[in-house]
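Read the structure below first, then the notes.
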Amino acid sequence: MKKLLLLVCLITSIAHAEDGYRLWLRYDLVDNPRLLAEYRSSITGLQSTASETATKELLQGLQGLLGKKIPLLTTPQEGTLVVRTSPTTLGDEGYIIRTETIAGKHITQITANTDRGVLYGVFYFLRLIQTQQSIQKLAISSSPALPYRILDHWDNLNRTVERGYAGFSIWNWHTLPGYIDQRYIDYARANASIGINGTVLNNVNASPLILTPDYLEKAAAVAQTLRPYGIKVYLSVNFSSPIAIGGLKTADPLDPAVQDWWKKKTDEVYRYIPDFGGFLVKANSEGQPGPQNYGRTHADGANMLADALAPHKGIVIWRAFVYSETHEDRAKQAYNEFKPLDGQFHKNVWVQVKNGPIDFQPREPYHPLFGAMPQTPLMLEFQLTQEYLGFATHLAYLAPLFKECLDAGPPVASTITGMAGVANIGTDRNWCGHPFAQSNWYAFGRLAWNPKLSSAEIADEWLRQTFTNNPGFIDTVKKIMLTSREAIVDYMTPLGLHHIMGYGHHYGPAPWYDKASRADWNPVYFHKADSAGIGFDRTATGSDALSQYPPAIRAQWEDPKNCPDIWLLWFHRVPWGWKMHTGRTLWDELCHRYYTGVDSVRAMQKAWASVKGKVDEERAHQVEMLLNIQEKEAVWWRDACLLYFGTFSHMPLPEKAEQPAHTLDYYKKLQFPNAPGTSR
Ligand code: BDP
């Protein structure tokens with residue numbers, strides 16, 4: 001029996017090389033004979049009145065996992081899986097999975113109020129088997145903590161992806177609406193499996209063309225493909241659309257002709273996509289047009305769009321990522337701008353706030369707007385694509401970053417109505433570039449459903465489904481994942497340093513860069529190193545950004561002696577000889593962290609090498625190659641940053657440590673004109 005199983009496993013794995021395309025929905029035969037026998041006897045047939053989508057997924061999943069045909073039944077027998085809609089108290093997305101005895105027969109029931117809920121239950125049930133848990137006595141009920149769980153694609157209509165590192169946009173606008181790529185369906189399955197219920201198809205730096213009939217027809221075809229999976233389509237819109245495609249002279253939100261244009265345009269959008277989710281807007285930020293061009297506020301702009309969407313029950317998601325060239329600390333600007341508008345937004349406006357006050361850095365304190373706008377529904381925006389975390393080359397499991405924010409302050413998770421994740425998906429065969437980058441897509445969905453899950457739990461379930469249930473593999477690789485983000489913080493931006501990456505493309509270190517046209521686009525603006533010290537004083541003696549946080553948090557962070565080391569240089573400017581909580585001086589600690597970062601990557605390489613035989617060769621080799629690049633880049637970061645900061649500290653690198661292979665001048669001269677992710 002064992003031998004036969006092995007053979008079947010071998011054949012299945014040869015049949016489809018592990019190229020990562022199947023994500024965490026691999027549905028290969030359960031390789032544990034005891035459990036396989038349990039599953040086979042617990043599921044002898046399927047009685048389903050669920051949607052075709054859910055039934056099909058279930059059959060595909062079960063037949064793969066159990067290695068047998070699952071008969072479709074009309075009345076339950078011993079071991080029948082019954083799947084249907086039926087009233088529950090769990091809202092329109094929650095589900096119940098229970099083992100029950102009816103007329104002496106043991107059955108498993110998956111029920112929910114809606115098809116969508118049933119589908120979520122189906123995926124949960126399949127996950128139990130994929131992760132090899134017992135399904136004999138189930139009593140599960142689950143519903144999402146947050147109603148809005150949305151992916152934001154920064155995809156352009158020409159298929160380039162802003163900050164995308166996994167190929168081109170998955171949306172092939174050229175062949176839409178006629179051609180529905182299988183990838184769209186698998187994208188929908190993957191999202192539904194983790195509870196994602198919305199997607200913004202295009203870049204926040206939005207082309208006005210997205211609202212022309214040609215593109216609406218294409219977007220409608222995508223919407224139709226995603227609909228059976230409970231996923232709504234949203235679009236990013238350009239605030240100047242009335243001028244760009246409507247022939248108007250202005251886009252002033254208080255101008256009746258402009259209001260009328262948006263109303264008619266919105267009605268038209270709903271004719272194409274009756275369940276359209278709404279508009280996402282980046283306005284008056286980084287050169288995008290907005291209401292302030294006409295002396296109006298963000299509330300004026302958002303409300304005008306909200307009124308056009310309201311009759312259709314659509315929402316406006318208005319981004320708070322705004323900053324302009326003023327003398328004000330960039331970290332303070334969104335709060336200054338938006339906090340006074342709390343209470344002025346119409347009912348269907350959601351304000352979307354990035355996790356931190358600057359911009360998706362490897363580590364940022366939580367954004368002070370969370371908890372500060374009690375009258376406005378807030379969306380929390382994370383970046384799944386690794387713009388500032390080594391692109392898709394570095395192994396960075398971001399659940400710890402997400403959790404750090406969700407659990408911080410009020411806590412943040414209790415102040416939000418939804419989560420948006422800037423997608424890391426492209427046309428790469430494995431979707432996200434790095435085989436481990438898929439875990440960030442996965443973790444995002446799981447946390448949006450349940451922010452209480454731990455990073456370790458999510459890593460565990462993702463690994464089991466994506467690679468193997470082998471305990472040795474899981475233990476080792478889970479550790480790699482759980483240390484990976486901190487490793488990056490250490491070798492890129494330890495102790496609260498931020499935004500010291502290469503200008504524009506954000507690839508590699510460039511803490512010396514000072515040539516950008518705007519002060520707050522220059523790394524030197526953020527670290528302020530000189531011979532007296534380093535760091536951004538955000539206390540009352542500096543920009544006072546700390547005053548935007550609640551008193552208890554402020555009290556903890558405002559005295560550099562109490563401030564946790566991880567935030568030190570974010571909030572304080574301190575001398576090089578500053579005594580850290582570790583007992584080291586600041587300079588020594590900085591060196592220690594940079595060296596530790598590189599060591600962590602080397603430990604990750606070793607750990608990965610140790611599980612080689614436990615994972616398919618294809619992905620084993622891919623990850624090995626990527627870790628090699630990561631190690632080189634970590635060394636590059638460490639050496640370039642320490643050489644540069646050493647010109648101010650005038651202190652030496654640790655004597656016995658590995659010394660830089662190049663001069664500072666060498667690092668400064670490196671150029672990357674073709675770094676990915678920058679074209680619009
Ligand atoms: C920054 C990116 C830029 C985005 C911007 C945004 O560098 O490409 O357009 O965020 O969020 O992180 O709008």
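Start at 1 and go down the list; that is how both ligands and their atoms are numbered. These numbers were taken from a predicted model, which means no experiment stands behind them.
For the pair R183 and W431, the distance from NZ or CZ to the six-membered ring centre is under 6.0 Å and the angle to the ring normal is within 45 degrees.
For ligand 1, the atoms lying closer than 4.0 Å to a non-hydrogen atom of E387 are 1 (C), 2 (C), 7 (O), 12 (O). Counting the atoms of ligand 1 from 1 in the order shown, those under 4.0 Å from a heavy atom of F321 are 5 (C), 6 (C), 10 (O), 11 (O), 13 (O). Against a heavy-atom cut-off of under 4.0 Å, E162 is close to the following atoms of ligand 1: 3 (C), 4 (C), 8 (O), 9 (O). Of all the atoms in ligand 1, the ones that sit under 4.0 Å from a non-hydrogen atom of H506 are 7 (O). Set against the non-hydrogen atoms of D359, the atoms of ligand 1 under 4.0 Å away are 1 (C), 10 (O), 12 (O).
Take H572 and apply the ring pair (Phe, Tyr, Trp, His ring centres under 6.0 Å) test, not counting sequence neighbours, and it matches no residue. The salt bridge (charged side-chain N to carboxylate O under 4.0 Å, His left out) search around E337 returns none, not counting sequence neighbours.
Residue contacts with ligand 1: K354 is included, with a non-hydrogen atom under 4.0 Å away.
At a 3.5 angstrom cut-off on N or O pairs, Q383 does not count as close to ligand 1. For ligand 1, the polar-atom distance check against E381 finds no nitrogen or oxygen pair separated by under 3.5 Å. Residue K282 has at least one nitrogen or oxygen atom sitting less than 3.5 Å from a nitrogen or oxygen atom of ligand 1, judged on distance alone.
Salt-bridge check for D544 with R538: failed, with every basic side-chain N at 4.0 Å or more from each acidic carboxylate O.
Between D155 and I170, the closest heavy-atom pair is OD2-N, 4.0 Å. For Y165 against G677, the heavy-atom pair with the smallest separation is CE2-CA, 4.0 Å.
Aromatic ring centroids of H499 and F536 lie 6.0 Å or more apart.
Within the 4.0 Å heavy-atom criterion, neither part of N203 lies near ligand 1.
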